[in-house]
Engineer: 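One structure, pasted below without further comment.
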Amino acid sequence: MTIHAQASATDQMFDPIRRAERIFEVVLPDSLQTILKQIAIANHHEVCGFIDVHYGFHVVDNIHDERTHNFLMDEDSFTSTMKRIYGSDNAVLGMWHTHPNNVVWPTPRDLAGWPNPDLKWKYWIVTNNQVIEWRLL
């Protein structure tokens, strides 16, 4: 039996509890968007990380077995990134990850694994051509 919401599932035939909407207001500088799109172009697997309030970007190791369609942040890489961001006069603005298939909307697994809304982090999906912010409904 396949558990479709499980990160290792290759199909996405499950009905997510969460829904998202696209944010059309651009908050990221063009230079940062260019860097993120270059990361997406250069990799054939999903890359993930955080953007801090000073628009610095941070890559977190993706350790998922199916990295071409999924990401799973390495716990040690996540922890060291959080320490680096919050160890200075800084904070997380949001998280991002790439979609190598250039699909701009969140997948059902993206929605199921969305960060806690109480954190108020922004959420971006990066393709070869776009950096799009999404918000949970």
Side-chain angles (χ1 to χ4, degrees):
M1 180 172 113
T2 301
I3 301 172
H4 300 286
Q6 190 173 26
S8 61
T10 56
D11 60 26
Q12 298 182 22
M13 301 302 293
F14 67 97
D15 185 24
I17 297 170
R18 298 172 165 181
R19 294 184 3 238
E21 70 178 347
R22 181 178 177 167
I23 303 297
F24 287 94
E25 176 186 344
V26 178
V27 297
L28 297 179
D30 289 342
S31 58
L32 179 54
Q33 291 186 55
T34 298
I35 291 168
L36 293 172
K37 288 184 280 189
Q38 288 171 344
I39 290 171
I41 290 167
N43 291 277
H44 298 290
H45 62 273
E46 290 197 12
V47 180
C48 55
F50 295 94
I51 296 172
D52 64 46
V53 296
H54 302 295
Y55 300 115
F57 73 97
H58 307 265
V59 176
V60 176
D61 295 336
N62 179 0
I63 60 168
H64 198 285
D65 290 337
E66 283 289 330
R67 296 182 313 145
T68 56
H69 303 318
N70 301 281
F71 73 94
L72 175 62
M73 292 184 177
D74 175 75
E75 187 175 343
D76 291 338
S77 182
F78 172 86
T79 300
S80 65
T81 299
M82 290 296 109
K83 286 180 180 178
R84 187 169 56 252
I85 292 172
Y86 286 102
S88 57
D89 186 23
N90 207 347
V92 170
L93 178 63
M95 64 178 293
W96 61 273
H97 74 278
T98 62
H99 276 184
N101 60 3
N102 284 318
V103 173
V104 298
W105 54 84
T107 66
R109 279 192 306 275
D110 290 340
L111 293 170
W114 204 279
N116 183 338
D118 292 340
L119 294 170
K120 304 215 183 303
W121 288 351
K122 296 182 179 294
Y123 190 95
W124 294 277
I125 293 177
V126 181
T127 69
N128 294 354
N129 305 310
Q130 301 180 71
V131 178
I132 297 175
E133 182 181 346
W134 293 88
R135 168 177 58 207
L136 280 181
L137 293 175

Engineer: Is there a side-chain contact between F50 and M73 (heavy atoms, below 4.5 Å)?
Structural biologist: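 Of all side-chain heavy-atom pairs linking M73 with F50, at least one is under 4.5 Å.
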
Engineer: H99: what forms a side-chain hydrogen bond (donor to acceptor under 3.5 Å, both in side chains) with it, not counting sequence neighbours?
Structural biologist: H97, D110

Engineer: So, for Y86 and A91, which heavy atoms are closest and what is the spacing to 0.1 Å?
Structural biologist: CE2-CA, 3.5 Å

Engineer: Give, for atom NE2 of H45 and atom NE2 of H69, the distance between the pair rounded to the nearest 0.5 Å.
Structural biologist: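 If I round to the nearest 0.5 Å, the distance is 13.0 Å.
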
Engineer: Any side-chain heavy atom of K83 within less than 4.5 Å of one from F78?
Structural biologist: no

Engineer: Kindly give the heavy-atom pair with the smallest separation between W134 and V104, and that separation in Å.
Structural biologist: NE1-O, 3.0 Å

Engineer: Give me the other members of the hydrophobic cluster that V131 sits in, counting Ile, Leu, Val, Met, Phe, Trp and Tyr linked by side-chain heavy atoms under 4.5 Å, directly or via other members.
Structural biologist: V27, L28, L32, I35, L36, I39, V47, I51, V53, Y55, F57, V59, L93, W96, W124, V126

Engineer: Please round to the nearest 0.5 Å and tell me the distance separating atom NE2 of H64 and atom CG of L72.
Structural biologist: 6.0 Å

Engineer: To check you understand the geometry: which heavy-atom pair defines the closest contact between W105 and I125, and what is its length?
Structural biologist: C-CD1, 3.6 Å

Engineer: Given the rule in the side-chain contact (heavy atoms from CB on, under 4.5 Å) test, do M95 and F71 qualify, once you have shown the distances and angles that lead to the verdict?
Structural biologist: CA-CA 12 Å; M95 64 178 293; F71 73 94; 3.8 Å; yes

Engineer: Does anything in residues 119-135 form a salt bridge (charged side-chain N to carboxylate O under 4.0 Å, His left out)? List the pairs, not counting sequence neighbours.
Structural biologist: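 Checked against salt bridge (charged side-chain N to carboxylate O under 4.0 Å, His left out) - neighbours excluded - the pairs reaching residues 119-135 are E21-R135, K122-E133.
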
Engineer: Got a second to check how far I132's CD1 is from R22's CZ, nearest 0.5 Å?
Structural biologist: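 The CD1 atom of I132 sits 3.5 Å away from the CZ atom of R22.
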
Engineer: Between L111 and A20, what is the shortest heavy-atom contact and its length?
Structural biologist: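 Closest approach of L111 to A20: CD2-CB, 3.7 Å.
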
Engineer: How many angstroms lie between atom CG of D61 and atom CD of E75, to the nearest 0.5 angstrom?
Structural biologist: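 So the CG of D61 and the CD of E75 are separated by 12.5 Å.
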
Engineer: Quick check for you: to the nearest 0.5 Å, what is the distance between I63 atom CD1 and N70 atom CG?
Structural biologist: 12.0 Å

Engineer: Apply side-chain hydrogen bond (donor to acceptor under 3.5 Å, both in side chains) to D52 and list each qualifying residue two or more places apart in sequence or on a separate chain.
Structural biologist: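 By the side-chain hydrogen bond (donor to acceptor under 3.5 Å, both in side chains) rule, D52 matches H58, N90.
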
Engineer: Considering residues at least two apart in sequence or located in another chain, which fulfil the side-chain hydrogen bond (donor to acceptor under 3.5 Å, both in side chains) criterion with D74?
Structural biologist: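 Testing D74 for side-chain hydrogen bond (donor to acceptor under 3.5 Å, both in side chains), a comparison that skips the adjacent residues, returns none.
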
Engineer: To check you understand the geometry: which heavy-atom pair defines the closest contact between P117 and R18, and what is its length?
Structural biologist: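 That closest heavy-atom pairing would be CD-NH2, 4.2 Å.
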
Engineer: Who pairs with N116 by side-chain contact (heavy atoms from CB on, under 4.5 Å), at least two apart in sequence or on another chain?
Structural biologist: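 Partners of N116 by the side-chain contact (heavy atoms from CB on, under 4.5 Å) criterion, ordered by chain and then number, come out as D118, L119.
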
Engineer: Looking at T98 and P100, would you say the former's side chain and the latter's main chain have a donor-acceptor pair under 3.5 Å?
Structural biologist: no

Engineer: After noting the C-alpha distance and the side-chain angles of N102 and Q130, does the key distance pass the side-chain contact (heavy atoms from CB on, under 4.5 Å) rule?
Structural biologist: CA-CA 9 Å; N102 284 318; Q130 301 180 71; over 6 Å; no

Engineer: Got a second to check how far H44's NE2 is from R67's CZ, nearest 0.5 Å?
Structural biologist: 12.0 Å

Engineer: With a 4.5 Å cut-off on side-chain heavy-atom distances among I, L, V, M, F, W and Y, is there a chain of contacts connecting I23 to Y123?
Structural biologist: no

